[in-house]
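Right, one structure below, let's go through it.
Numbers here are sequence positions counted from 1. Worth knowing before you read on, the calculation uses all heavy atoms, side chains too, and leaves out hydrogens, waters and symmetry mates.
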Amino acid sequence: MTTETKNLKQSLIDWRRHFHRNPELSYKEYETSKYIAEVLRTFDGIEVTRPTETSVLGVLRGTKTDGPVILLRADIDALPVKEETGAEYASEKPGVMHACGHDAHAAMLLGAARELSSMRSEMDGEIRFIFQHAEEDFPGGAHELVDLGVADGVDYAFALHVSPDYETGYFAVREGAFCASADDFRIRITGRGGHAASPDETVDPIITGSEFTMSLQTIVSRKISPHKVPVISVTNFHGGDAMNVIPEYVEIGGTIRSIDEAARVRAREELEHVLKGVTAAHRAEYTIDWDIGYPSVFNRSEAVEVTRNAAGKIFDTDKLIEIEQPIFGTEDFSSFSQAVPASMQFIGVHNRDMGQSYPLHHPKFTVDEEALEKGSLYFVEVARSLVL
């Protein structure tokens with residue numbers, strides 16, 4: 001490939017635009033992973049394997065092998081979003097878009113792999129470059145890769161996530177809980193339907209479901225420590241289709257987000273307790289199904305110390321930001337952070353000259369490509385500080 005002869009900045013842009021034009025959904029990243037494997041094989045000394053059909057692992061071992069083992073991770077899947085950026089390199093697959101920046105993540109890690117491959121003779125240890133499938137779709141590619149042993153023997157794991165909340169040139173760091181766990185629920189409350197003019201002859205599931213929905217917030221305000229409160233949101237409520245009929249049942253769905261594992265479990269227990277009590281009071285019945293999602297990403301202090309030192313050599317001191325509060329989005333890098341000391345942080349990718357900043361998962365979300373080189377060099381500096 002001709003990328004070997006290009007400067008890092010241009011290669012990063014080329015790789016990122018290739019991924020952006022050719023997005024693939026979770027568990028379907030066949031061409032994306034094939035392309036990444038082909039590029040990695042052009043770098044000296046990197047052993048390329050395929051832990052799953054749609055993921056890629058590149059391993060770079062130093063001439064001395066008694067040093068630490070580090071894992072650098074990028075996710076590679078896209079989202080079912082119809083792109084509206086108008087970019088010349090916009091998605092060529094209708095209804096599929098890299099709206100979460102995984103195209104940038106993959107490009108930055110490829111750049112780091114290329115740079116570090118030229119330093120192999122100086123290395124003491126091992127670097128694992130994991131290009132991970134299916135971050136966006138539960139149960140998540142990270143969980144699968146950890147089960148397959150990709151993190152076995154690893155001393156530290158690192159990842160970056162692009163953020164439109166910060167301008168290009170900024171790097172945001174948090175120690176401890178970085179983002180939330182997510183548990184989704186689907187509930188059916190069954191009553192006894194009937195004519196709207198005779199409510200006394202029915203068991204009204206809409207009244208029951210409404211009382212349950214309002215009562216949920218007592219879990220947050222009265223049953224869990226205010227220092228560890230989760231977010232509980234009902235996001236859909238469906239029942240009935242006629243103006244003069246009380247329906248037989250309603251369906252309710254929502255999510256619980258938490259940064260504390262004990263509070264996460266307590267919230268699920270309390271939700272079911274409220275549901276049982278409210279339905280019993282109205283003589284209704286219920287069923288509930290849970291999707292127990294990703295746990296919280298936790299950044300261990302020893303890994304974050306490496307991050308701060310590395311970022312301080314790449315980013316201006318006045319552009320290093322400490323994140324005060326965890327975010328309540330989710331990330332399956334949590335599987336790696338549960339397995340080994342890990343650090344996942346944000347790199348700013350918004351340029352004011354580009355106009356309005358759109359959030360992740362938005363059809364107009366875009367990345368300032370000027371940020372890619374600093375992100376790639378951050379990974380290089382992390383590796384240099386540990387294995388060189």
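- Enclosure of atom CD in Glu305 is not indicated, since only 12 or fewer non-hydrogen atoms of other residues, nucleotides or ligands lie within 6.0 angstrom.
- Taken together through direct or relayed side-chain contacts under 4.5 Å among Ile, Leu, Val, Met, Phe, Trp and Tyr, Tyr89 and Leu110 form parts of separate hydrophobic clusters.
- Remark: the backbone N or O of Thr208 is not paired with any side-chain donor or acceptor of His282 at under 3.5 angstrom.
- A ring-centre distance under 6.0 Å is found for Phe19 and Tyr35.
- Both Phe131 and Leu12 are part of a single hydrophobic cluster, where members link through side-chain heavy atoms under 4.5 Å apart.
- In this structure, a donor-acceptor pair under 3.5 Å is absent between the side chains of Glu381 and Asn309.
- Listed for the Thr202 side chain is a donor-acceptor partner under 3.5 Å among the backbone atoms of Pro199.
- Of the charged side-chain nitrogens involved, at least one lies within less than 4.0 Å of a carboxylate oxygen, so that Glu370 and Lys9 count as a salt-bridged pair.
- The only member of His161, Glu331, His105 that meets side chain to side chain contact (heavy atoms under 4.5 Å, CB included) when paired with Glu135 is Glu331.
- Taking the charged nitrogens against the carboxylate oxygens, Arg16 and Glu369 do have a contact shorter than 4.0 Å, which makes a salt bridge.
- Neither Tyr166 nor Leu377 shares a network with the other; the hydrophobic side chains, linked directly or stepwise wherever heavy atoms of I, L, V, M, F, W or Y lie under 4.5 Å apart, form separate groups for each.
- A donor-acceptor pair shorter than 3.5 Å can be found between the side chains of Arg257 and Thr255.
- Looking only at atom types and distance, the side chain of Asp77 has a donor-acceptor partner in the side chain of His102 under 3.5 Å away.
- Counted within 6.0 Å of NE2 on His273, heavy atoms from surrounding residues, nucleotides or ligands total 12 or fewer; the atom is thus considered open.
- Between Ser26 and Asp137, the side chains place no donor N or O within less than 3.5 Å of an acceptor N or O (distance only, hydrogens not considered).
- Contact check for Ile292 versus Arg268: side-chain heavy atoms found under the 4.5 Å cut-off.
- Here Glu47 pairs with Arg61 under the salt bridge (Lys or Arg N to Asp or Glu O under 4.0 Å) rule; sequence neighbours left out.
- Side chain to side chain, Thr168 and Asp368 meet the donor-acceptor criterion of an N or O pair below 3.5 Å.
- Checked for salt-bridge contact, Arg352 and Glu167 meet the test: a charged N lies under 4.0 Å from a carboxylate O.
- In this structure, the ring of Phe158 has its center no less than 6.0 angstrom from the ring center of Phe336.
- Looking at every heavy atom in both residues, Pro139 comes nearest to Tyr27 through CD-OH, 3.5 Å.
- Both Met108 and Ile314 are members of a single hydrophobic cluster when ILVMFWY side chains are connected at heavy-atom separations under 4.5 Å.
- One hydrophobic cluster, built from ILVMFWY side chains closer than 4.5 Å, cannot hold both Val173 and Phe346; they sit in different ones.
- Looking at Asp204 and Arg192, no side-chain N of the basic residue comes within less than 4.0 Å of a carboxylate O on the acidic one, giving no salt bridge.
- Residue-environment remark: CZ (Arg17) exceeds the threshold of 12 foreign heavy atoms within 6.0 Å.
- Remark: Tyr249 OH is loosely packed, at most 12 non-hydrogen atoms of other residues, nucleotides or ligands lying under 6.0 Å away.
- Between Pro205 and Ile246, the shortest heavy-atom contact is CD-CG2, 4.1 Å.
- Around the CD atom of Gln338, the shell of radius 6.0 Å holds more than 12 heavy atoms that belong to other residues, nucleotides or ligands.
- Residue Met214 places its CE atom among 12 or fewer non-hydrogen atoms of other residues, nucleotides or ligands, all under 6.0 Å distant.
- Classification of Arg266 and Glu272 as a salt-bridged pair fails, no side-chain N sitting under 4.0 Å from a carboxylate O.
- The heavy-atom pair separating Gly329 from Cys179 by the smallest distance is O-CB, 3.3 Å.
- Side chains of Glu83 and His20: a donor-acceptor N/O pair is present below 3.5 angstrom, by distance only.
- Classification of Glu175 and Arg308 as a salt-bridged pair holds, one side-chain N sitting under 4.0 Å from a carboxylate O.
- When the shell of 6.0 Å around NZ of Lys93 is examined, it contains more than 12 heavy atoms from other residues, nucleotides or ligands.
- Between Glu38 and Arg41, none of the side-chain N atoms (NZ, or NE/NH1/NH2) sits under 4.0 Å from a carboxylate O, so this pair counts as no salt bridge.
- Few gaps surround CG on Asp152; more than 12 heavy atoms of other groups in view lie less than 6.0 Å from it.
- With contacts defined as side-chain heavy-atom distances shorter than 4.5 Å, the pair Thr279/Glu285 does not qualify.
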- Query: Please walk me through it: do Ser11 and Arg114 pass side chain to side chain donor-acceptor pair (under 3.5 Å)?
  - Reply: CA-CA 10 Å; Ser11 293; Arg114 191 179 81 175; 3.0 Å; yes
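- Within the structure, the side-chain hydrogen bond (donor to acceptor under 3.5 Å, both in side chains) test picks out the following pairs touching residues 213-229 (sequence neighbours left out): Thr218-Lys223.
- Below 30°, between 30° and 60°, or above 60°: for Tyr294 and Phe138 the angle between ring planes is between 30° and 60°, a tilted geometry.
- With respect to the salt-bridge test (charged N to carboxylate O, under 4.0 angstrom), the residues Asp316 and Lys374 do not qualify.
- At a cut-off of 3.5 Å, with distance as the only test, no side-chain donor of Glu115 or Ser117 sits close to an acceptor on the other residue.
- Using modelled atom types and a 3.5 Å distance limit, the side chains of Glu144 and His133 yield a donor-acceptor pair.
- A salt bridge between Glu261 and Arg264 is present, with a side-chain N of the basic residue lying under 4.0 Å from a carboxylate O of the acidic one.
- Note: Phe315 and Tyr170 fail the aromatic proximity criterion, with ring centroids not under 6.0 Å apart.
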- Task: Show your reasoning for whether side chain to side chain donor-acceptor pair (under 3.5 Å) applies to Asp14 and His18.
- Result: CA-CA 6 Å; Asp14 290 348; His18 173 85; over 6 Å; no
